[in-house]
Colleague: 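Can you keep this structure in mind? I'll have questions shortly.
Small disclaimer: the values here were computed from a predicted structure and weren't measured.
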Amino acid sequence: NARAHEKARDLPADGLIFDLEDSVAPGEKAAARQRIVATIAAGGFADREIAVRINGLDTEFWRDDLAALASLPIDAVVAPKITSAADVAALAAALRAAGFAPRTRLWAMIETARAALDVASIAAAARDGACPLSLFILGANDIARETNARMVRGRAPMLAWISQCVLAARAHGLAILDSVYNDIRDLDGLRAECEQGRDFGMDGKTLIHPAQIPVANEIFAPAAQDVAQARDIVAAFALPGNADKGVIAHGGRMV
């Protein structure tokens, strides 16, 4: 979508993911690939992180995707439908073979039942110094389709595997982004899901429409009150009487 590509340069988002997978029909893959390459090469995205979601390892398209993207100044390759640590290893090797810059990271989408069951070993792949895995993206839509779980408000059917994904990511030093919220018009529902993801410990949320950006930015940014409280605690520990203390009473609570 050329118009969306142009608008993306001015969106107040931290990162942009250009998609070659689900949003592109099989017969349009080559044209979409060329358009994305041209857009990213033209630049103008300021300090936003730029990522491209390639096609899955079970398709005929992913190797052509990597070949086209290798010379671009992108921050990450987004890999959909990861199922195992072996998938991560295969993609890490493919990125090296294609000639990607060492700074280019691998972001893995956790959106299959197999991945949810094996998420700890997938995250552990990042311990290999040669592996560029740095981030998980949850994919609730696909895992709901695989498991027949209902996409209900509050995500009760999914909370167990969401927790496991957060735990695995943190255990192995990965960042983690929450899945998309499908109802573009329901900003109250989006707000509630952003708050839930934040409370789970996620770093942000993937979005599907510019109208969703302000809510996500508000919820995932540190609140002014939290920043002020943190600065107050730092200042309290800096007092001469607290210099050698690991725990102090401050503001009516132990910190």
Colleague: Heavy atoms, side chains only, cut-off 4.5 Å: are K81 and D142 in contact?
Modeller: yes
Colleague: Check whether more than 12 heavy atoms from other residues, nucleotides or ligands sit under 6.0 Å from atom CD of E28, and answer yes or no.
Modeller: no
Colleague: Does any part of the side chain of V215, heavy atoms only, come nearer than 4.5 Å to the side chain of L207, both counted from C-beta?
Modeller: no
Colleague: Is it true that N242 and H250 share a donor-acceptor pair across their side chains at a distance under 3.5 Å?
Modeller: no
Colleague: Report whether V78 and F18 are members of the same hydrophobic cluster (ILVMFWY, side-chain heavy atoms less than 4.5 Å apart, transitive linking).
Modeller: no
Colleague: Answer yes or no for R198 and F220: cation-pi contact, defined as NZ/CZ to six-membered ring centre under 6.0 Å and angle to ring axis within 45°.
Modeller: no
Colleague: Could you measure the distance from the CG atom of L117 to the OG1 atom of T112? Nearest 0.5 Å is fine.
Modeller: 8.5 Å
Colleague: Less than 4.0 Å between a side-chain N and a carboxylate O, is that true for R114 and D87?
Modeller: no
Colleague: Just wondering, do L133 and L174 contact through their side chains at under 4.5 Å, heavy atoms?
Modeller: yes
Colleague: Counting only N and O atoms by type, is there a donor-acceptor contact under 3.5 Å from the side chain of R155 to the main-chain atoms of R150?
Modeller: no
Colleague: Would you mind checking if R170 and D203 are paired as a salt bridge, meaning a charged N to carboxylate O distance below 4.0 Å?
Modeller: yes
Colleague: Measuring only between side-chain heavy atoms, which start at C-beta, is K29 closer than 4.5 Å to N55?
Modeller: yes
Colleague: Is a salt bridge present between R153 and D188, judged by a nitrogen-to-oxygen distance below 4.0 Å?
Modeller: no
Colleague: Return yes if a side-chain donor-acceptor contact under 3.5 Å exists between H172 and R127, otherwise no.
Modeller: yes
Colleague: Let me see the working for M151 and M158 under side-chain contact (heavy atoms from CB on, under 4.5 Å), right down to the final yes or no.
Modeller: CA-CA 9 Å; M151 302 282 285; M158 301 180 175; 3.2 Å; yes
